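Note sheet for the following structure.
All values below were derived from every heavy atom in this structure, side-chain atoms included, with hydrogens, water molecules and symmetry-related copies excluded. This structure is a prediction, so every number in the text was calculated from the model and none was measured.
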Amino acid sequence: MSLDLILEKYKWFSDKNIFVVGFAWINNTYVTRQDFSDLIKNQPDFKSFKTFTASLNGQFSIIIRHHNETWLSCSHTWSNPIFYRKNKTKYIISDEPEKLINSDSDKKPDSLSSVYFLNFGVTPKNTTLSKNISQIRPGETVCLKALDKIITEVPDFLNFSSDNSSEEVSSIDLQNHLIESFEKYYEQIKGKQVLLPLTKGYDSRLLACLLSEFGHKDVICATWGRKDSSEKHTAQKVAEKLGFKYFSVEYSETMIHNFTKTEEFKNYVKYVGHWSSMPFFYEYFGLIHLRNKEIINEEVFALPGHPGDFLKGSHLNQNMLNFSADDFGAHIVSHFGTSTPIQKSRKKELSKFIVENYFMGNETSLWQNFEQWDLEERQCKFIGNSSMIFSFFGMNYFMPLFDLSTLQFFRKIQINQRIGETLYNKTLENNFFKKYHVDFDLKPVVSSSAAKSKLKDVLIRLAPHFLKMHYYPVNDDIFYREITQELRNANKFFEFKHPLRPHFYNSYIAQWYTQYLVGNPC
């Protein structure tokens, strides 16, 4: 089988026919580069390779040329996405999908993938915004054999099973797990500067407490966004209580003026968008500021709090226990999208696609199927992907809450302990925040009811845009109103539809990106 490899984006380590990037934990031992490659050498066939990669925990991608086959694997965190395409005589693999574009026809997306992207900010499963380019899914292992044969191992990194076994977990159990899991990350950052993006939320506050638990002192806490951001006050109090340095980066129209014209911005969009994920701009200006002011050094380790919302169960509610597969499909489309207006028929098409690909032919419960969709399509491709901004700026980053052992720990918890964020919030408040005296500005109890009035949704849809602007809080903490306005003004030929909810600024970013790739309206 003829094969071309174009690997220029990530810091790959190569040893003959083995290419690895990132790291893995082997029995809680950190392995990377040569050590990682040496372990992979021992896999004699694709079946063994599948078993090996399924056991790995970390942030990595692997490519192996093995006789007439090529094996590909991407970790569950999807930290280093890789892409491939098939030509008439060969496969081409790259970490930059742009290198796989041969003609204007390659820029034409599959119709459903394009609509899916506008609605969710990512392309589904192994598709991209080019109909001729495929991606390795989070946690997936692929074997490219002959040109007409591709073998894939569907990711199941949550280890879902038909017995639906679960157990009641105590706050002490969860506390101990979080500390034990964090310890192996701490061994790698000990003695180094840590950048902690800190908000008023629980996930970054937990990481701050865990750093204190292990006595780490060299911590830069930073909050960025609008001058009067609601995040700033609490984040600053947390940092001061723990004895960490704190910086607030206030975004302004001067700071973002003409940002789309810079080469750094164009390179950033290419790096984090990769024809399949919506670029995020929340941290972009803040990291430029910290870098230019030399507040952070070259050896800094960033610790984003992803995917804390998934762990705590913010996506779950009591009504879901009685949902049908079709109910879940409709719920996903209506509750997890960008609010970009799309035809009713296309929404039904998206819902049907999700049901057929995530809720059919599985022995697991429907809510577990929903978790699998949420993890792969939202947490990995959408939210976790935003962490690539740190590697773009040359920083190392860990996602301790994305640790595979932690995902699987929460998988075993009874759903009633996750609905309403009960166990997670209680544990963090009582076992971490009180201990370190940061138990202030706590969240109110979350209702487990799903319910949003269908009548309200209809009225929101029908209301004219100028009325919605009076109803919604358009001055978001992130400064996205101004940032997306700058995007919309950047090219006079681009066309935009207002989101059904005016403060859903991701809608503008998704629309902008699809047009940016091809240079004309979507």
Side-chain angles (χ1 to χ4, degrees), residues 3-26 29-41 53 56-65 70-84 92-100 135-136 138-140 184-185 187-189 191-195 263-264 266-277 279-280 283-284 287-288 290-291 296-304 306 380-381 384-400 402-403:
L3 173 73
D4 283 349
L5 285 177
I6 308 173
L7 305 177
E8 301 173 358
K9 180 175 178 178
Y10 312 132
K11 297 178 181 178
W12 294 89
F13 175 84
S14 61
D15 185 0
K16 296 181 180 178
N17 290 321
I18 297 176
F19 304 82
V20 296
V21 62
F23 69 90
W25 304 108
I26 306 294
T29 299
Y30 181 85
V31 294
T32 187
R33 300 183 67 77
Q34 184 70 65
D35 293 338
F36 198 0
S37 178
D38 289 344
L39 289 170
I40 297 169
K41 288 178 183 177
T53 56
L56 292 178
N57 177 17
Q59 299 169 200
F60 62 83
S61 283
I62 303 169
I63 301 173
I64 300 179
R65 303 179 71 165
T70 299
W71 307 337
L72 312 170
S73 183
C74 188
S75 70
H76 71 282
T77 62
W78 208 60
S79 299
N80 306 100
I82 46 180
F83 306 84
Y84 64 94
I92 309 174
I93 300 169
S94 181
D95 48 10
E96 297 179 273
E98 295 82 6
K99 299 291 177 68
L100 305 180
Q135 62 180 320
I136 308 300
E140 187 177 40
K184 61 180 181 284
Y185 291 92
E187 288 302 314
Q188 299 304 312
I189 63 177
K192 297 183 174 68
Q193 186 184 74
V194 169
L195 172 63
E263 282 302 311
E264 185 165 54
K266 295 172 185 176
N267 291 334
Y268 170 69
V269 169
K270 178 182 175 182
Y271 191 90
V272 302
H274 37 245
W275 289 74
S276 52
S277 294
F280 281 79
E283 296 96 345
Y284 180 75
L287 291 178
I288 289 176
L290 295 181
R291 178 197 63 188
I296 51 178
N297 62 43
E298 294 179 355
E299 300 299 319
V300 67
F301 265 84
L303 294 185
H306 313 315
C380 299
K381 294 181 182 178
N385 182 75
S386 68
S387 295
M388 289 188 69
I389 190 170
F390 299 111
S391 55
F392 172 77
F393 283 106
M395 305 176 196
N396 297 300
Y397 73 95
F398 283 151
M399 296 185 284
F402 225 144
D403 191 82

With [X], which residues qualify under ring-ring contact (aromatic ring centres under 6.0 Å, His included), at least two apart?
X: Phe36; answer: Phe60
X: Phe398; answer: Phe23, Tyr185, Phe301
X: Phe392; answer: Tyr268, Tyr271

message = Restricting to non-hydrogen atoms, name the atom on Gln193 and the atom on Asn297 that form the minimum distance, rounded to 0.1 Å.
response = OE1-N, 2.9 Å
key: Closest non-hydrogen atom pair between Ser276 and Phe83, with its separation   = OG-CE2, 3.9 Å
query = According to the salt bridge (charged side-chain N to carboxylate O under 4.0 Å, His left out) rule, which pairs have a member within residues 70-82, sequence neighbours left out?
reply = none
inquiry  = Checking Thr70 against Leu72 for the side-chain contact (heavy atoms from CB on, under 4.5 Å) test, could you report, in this order, the C-alpha distance in whole Å, the side-chain angles of both residues, the deciding distance, and whether it holds?
reply    = CA-CA 7 Å; Thr70 299; Leu72 312 170; 4.0 Å; yes
side-chain contact (heavy atoms from CB on, under 4.5 Å) partners of [X], counting only residues at least two apart:
X: Lys266; value: Glu263, Tyr516
X: Glu98; value: Glu96, Lys270, Trp275
X: Ser386; value: Phe280, His306
X: Asp4; value: Lys90, Ile92

Could you work out, with side-chain hydrogen bond (donor to acceptor under 3.5 Å, both in side chains) as the rule, every residue matching [X], not counting sequence neighbours?
X: Glu8; result: Lys99
X: Arg291; result: Glu264
X: Gln59; result: none
X: Thr53; result: Thr141

Hey, are the side chains of [X] and [Y] touching, using non-hydrogen atoms and a 4.5 Å cut-off?
X: Gln34; Y: Phe13; value: yes
X: Leu303; Y: Leu195; value: no
X: Trp25; Y: Val31; value: no

query = Just checking, is any N or O donor in the side chain of Trp12 or Asp95 under 3.5 Å from an acceptor N or O on the other one?
reply = yes
